[in-house]
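The structure displayed is predicted, hence computed values, not measured ones.
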Amino acid sequence: MHILAAVFIVVTAFVTATLSGVFGMAGGLVLMGALALVLPVSAAFVTHGVLQLFANGWRAVLHARHVRWDIVGWYAAASLLAGLLVALISFVPSKGLLYLALGLVPGLVWLPKTWLRLDAAKPIHALASGFMVTGLNLLAGVAGPLLDIFFVRTVLTRHAIVATKAATQVFAHLAKIVVYGAPLLTTSSQDMPPWQIFAVAIPLSMCGTWVGGKILDRMTDVDFKSWTKWIVTGVGVVYLIQAAQLFMRGGG
């Protein structure tokens, strides 16, 4: 791997982990698109899964006292089912389709609250979130805005939202690593970044998570929800432009 690509992955891991540490989902969206710029789609999915697994896991540890473990339990059960179903499909999107999906997913944050009365605190809704979010995560690479729909109606604080979402995403990223990583391990593919990059990027992503948590402490619940919506929307617009360029060049 070229040194510039390696540095790009490492720096992006830190920056996006910080972003996720503040807003709970924007970082994963940015990281997925960034990795797809320098890696094949399958390798980008696995790399994203590994980095986000540690970033989300560490964020859940840092805010463990705020995690709603009942929600996590229901989510994990449905996440396993979604992973098994997607594994049977064996679908890998092209880069054009990936960026199109990444661009469209943020639009979910603008759905009127009256359209979907979802609340992750309710067991049946937590199950639905595990199935739907993991499924979308495996097909589009990220699903933070969809997960957010299940939390906008909860009475949880910003710390509880970030902590619980982080814990649930551990299972979503594990599914992504298994589904897309297994085929790579059974071939002689050299698409994955070398282990040295992960050795540097993982600790940096954990540091970024800690920095993001400090910034989160200084925010209000109102600012937290408002900034999240606008940031993911801006990122989505950029991805839609990238998708359009790929399709026009015949790379979709």
Whether the side chain of [X] engages the backbone of [Y] through a donor-acceptor N/O pair (distance < 3.5 Å, no angle test) should be reported.
X	Y	value
Tyr99	Leu240	no
Thr134	Phe131	no
Lys95	Leu246	no
Asn137	Val133	no
Lys176	Val46	no
Ser79	Tyr75	no
Tyr239	Val105	no
Thr12	Ile9	no

Once rounded to the nearest 0.5 Å, what's the spacing between atom [atom1] of [X] and atom [atom2] of [Y]?
X	Y	atom1	atom2	answer
Asn56	Leu53	CG	CG	8.0 Å
Leu39	His48	CG	NE2	12.0 Å
Phe247	Leu100	CZ	CG	5.5 Å
Trp58	Ser205	CH2	OG	11.0 Å

Asp217 vs His159, test: side-chain contact (heavy atoms from CB on, under 4.5 Å). Steps then yes/no.
CA-CA 8 Å; Asp217 290 338; His159 286 91; 2.8 Å; yes

In this structure, are over 12 heavy atoms from other groups packed under 6.0 Å from Ile124 atom CD1?
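No, not enclosed.
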
Atom CH2 of Trp110: over 12 foreign heavy atoms under 6.0 Å
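Above 12, so yes.
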
Hey, mind stepping through Met192 and Phe198 against side-chain contact (heavy atoms from CB on, under 4.5 Å) and telling me if it holds?
CA-CA 10 Å; Met192 288 292 295; Phe198 288 102; 3.7 Å; yes

So which atom in Ala6 and which in Ile197 form the shortest heavy-atom distance, rounded to 0.1 Å?
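Smallest interatomic distance, heavy atoms only, reads CB-CD1, 3.5 Å.
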
Is it possible for you to say whether Val7 and Val200 belong to one hydrophobic cluster, with membership spreading through side-chain heavy-atom contacts below 4.5 Å?
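Yes, because Val7 and Val200 connect within a single hydrophobic cluster, where side-chain heavy atoms sit under 4.5 Å apart.
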
Could you see if Trp210 belongs to whatever hydrophobic cluster contains Ile215? Use Ile, Leu, Val, Met, Phe, Trp, Tyr and a side-chain cutoff under 4.5 Å.
yes

Using side-chain contact (heavy atoms from CB on, under 4.5 Å) as the criterion, point out the one residue from Ile149, Leu147, Asp148 that pairs with Leu108.
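Single side-chain contact (heavy atoms from CB on, under 4.5 Å) partner of Leu108 among Ile149, Leu147, Asp148: Ile149.
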
Output, in order, the C-alpha distance, side-chain angles, deciding distance and verdict of side-chain contact (heavy atoms from CB on, under 4.5 Å) for Val72 and Arg68.
CA-CA 7 Å; Val72 176; Arg68 280 284 302 272; over 6 Å; no

Before giving the answer on side-chain contact (heavy atoms from CB on, under 4.5 Å), spell out for Thr164 and His66 the whole-Å C-alpha distance, their side-chain angles and the decisive distance to 0.1 Å.
CA-CA 7 Å; Thr164 304; His66 299 290; over 6 Å; no

